[in-house]
Amino acid sequence: YPTWKRTLTRRAREAQMTRFCKAQTIQRRLEEIEVTFRELEQQGIKVEELLRDEEGSSADQRTQWMNQLLYLVQKKNSLMSEESDLMIMAQELKLEEQQWQLDQELRSYLNMEESLKTPQDRVAEQEILSQLVDVVNKRDLLIRMQEERRLSEL
């Protein structure tokens, strides 16, 4: 029994560390995207100024600047899409952690001997079960939203 309990505890810690590492990776990428947004905006401002200020420039030069501006807009849209996906992943990790905590609480009530449970324990058990179902439904909704976005992009 102690070995079994230690194994479960170790696996729970490993899962928690995995979620933590994913959350850190997501946060780091979101920060990188924010920096890239600023850089793209600065580049866009420069290209727009060139387009406005260079009235006498050749048509080829103006076309090149317009193409560069369109490229910057496409790149920004791509980053916005990635940012949205990362935000959904972060929310999913948060819900996963919440589900794990509720599951642990529920297990403690389920492991209690039925004859030892107080009415408050039964109410708390039902409340935790209700919260757990709510979190699972939220996760399902996020996954469906992600799938719908992916399919619409295809």
Side-chain angles (χ1 to χ4, degrees), residues 4-111 123-154:
W4 175 76
K5 191 170 185 173
R6 279 195 310 260
T7 302
L8 284 179
T9 305
R10 181 177 40 92
R11 285 186 182 160
R13 273 195 314 258
E14 288 171 358
Q16 196 169 18
M17 283 304 296
T18 301
R19 285 191 299 273
F20 179 73
C21 289
K22 284 180 185 178
Q24 280 186 320
T25 302
I26 289 170
Q27 185 61 39
R28 200 170 21 254
R29 182 63 187 142
L30 286 171
E31 290 168 2
E32 290 171 0
I33 287 173
E34 187 64 34
V35 169
T36 307
F37 272 151
R38 283 192 223 113
E39 291 171 358
L40 289 174
E41 192 161 318
Q42 291 301 317
Q43 291 175 7
I45 290 170
K46 288 178 185 176
V47 172
E48 280 185 53
E49 287 173 354
L50 287 172
L51 279 169
R52 288 187 187 134
D53 294 342
E54 299 295 325
E55 292 292 326
S57 62
S58 68
D60 287 342
Q61 185 66 41
R62 291 180 64 76
T63 302
Q64 185 180 3
W65 288 332
M66 284 299 291
N67 287 339
Q68 186 176 2
L69 192 60
L70 289 173
Y71 170 76
L72 292 173
V73 169
Q74 287 174 340
K75 188 158 180 138
K76 185 176 179 183
N77 287 341
S78 172
L79 286 173
M80 286 176 68
S81 177
E82 182 182 357
E83 181 182 42
S84 176
D85 288 342
L86 289 171
M87 296 298 279
I88 290 172
M89 287 172 59
Q91 183 66 27
E92 192 175 344
L93 280 174
K94 181 181 171 186
L95 289 172
E96 190 176 318
E97 178 68 24
Q98 194 176 2
Q99 180 180 345
W100 179 80
Q101 289 173 353
L102 289 170
D103 188 52
Q104 294 303 310
E105 289 179 45
L106 184 62
R107 283 179 192 272
S108 69
Y109 284 110
L110 293 175
N111 288 336
V123 168
E125 182 180 338
Q126 287 303 314
E127 195 173 302
I128 291 170
L129 184 59
S130 174
Q131 290 174 359
L132 187 59
V133 168
D134 187 45
V135 168
V136 169
N137 288 336
K138 286 179 184 177
R139 284 185 68 196
D140 181 56
L141 180 64
L142 277 177
I143 291 169
R144 278 192 275 136
M145 281 177 31
Q146 236 177 349
E147 185 64 20
E148 286 174 11
R149 281 192 61 219
R150 188 184 68 77
L151 290 174
S152 70
E153 288 175 1
L154 291 176

Return the [atom1] to [atom2] distance between [X] and [Y], rounded to the nearest 0.5 Å.
X	Y	atom1	atom2	value
I26	C21	CD1	SG	11.5 Å
Q131	Q101	CD	CD	11.0 Å
L72	E48	CG	CD	9.5 Å
Q64	N67	CD	CG	8.0 Å
T25	L30	OG1	CG	11.0 Å

For I128, the option from L106, D103, L110, V133 that meets side chain to side chain contact (heavy atoms under 4.5 Å, CB included):
L106

Is the backbone N or O of Q126 less than 3.5 Å from a side-chain atom of S130, with the two atoms forming a donor-acceptor pair by type?
no

In sequence, state the C-alpha distance, the side-chain angles, and the governing distance for F20 and E97, and then conclude on side chain to side chain contact (heavy atoms under 4.5 Å, CB included).
CA-CA 9 Å; F20 179 73; E97 178 68 24; over 6 Å; no

Between K138 and L142, is a side chain to side chain contact (heavy atoms under 4.5 Å, CB included) present by the stated rule, with each step listed?
CA-CA 6 Å; K138 286 179 184 177; L142 277 177; 5.9 Å; no

Could you walk me through whether E14 and R10 pass salt bridge (charged side-chain N to carboxylate O under 4.0 Å, His left out), step by step?
CA-CA 6 Å; E14 288 171 358; R10 181 177 40 92; 3.6 Å; yes

Thinking salt bridges, do R144 and E148 make one under a 4.0 Å N-O criterion?
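E148 and R144: not salt-bridged.
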
Should the pair R150-E147 be classified as a salt bridge under the 4.0 Å nitrogen-to-oxygen rule?
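Salt bridge present between R150 and E147.
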
Can you check whether Q146 reaches M89 side chain to side chain, under 4.5 Å on heavy atoms?
yes

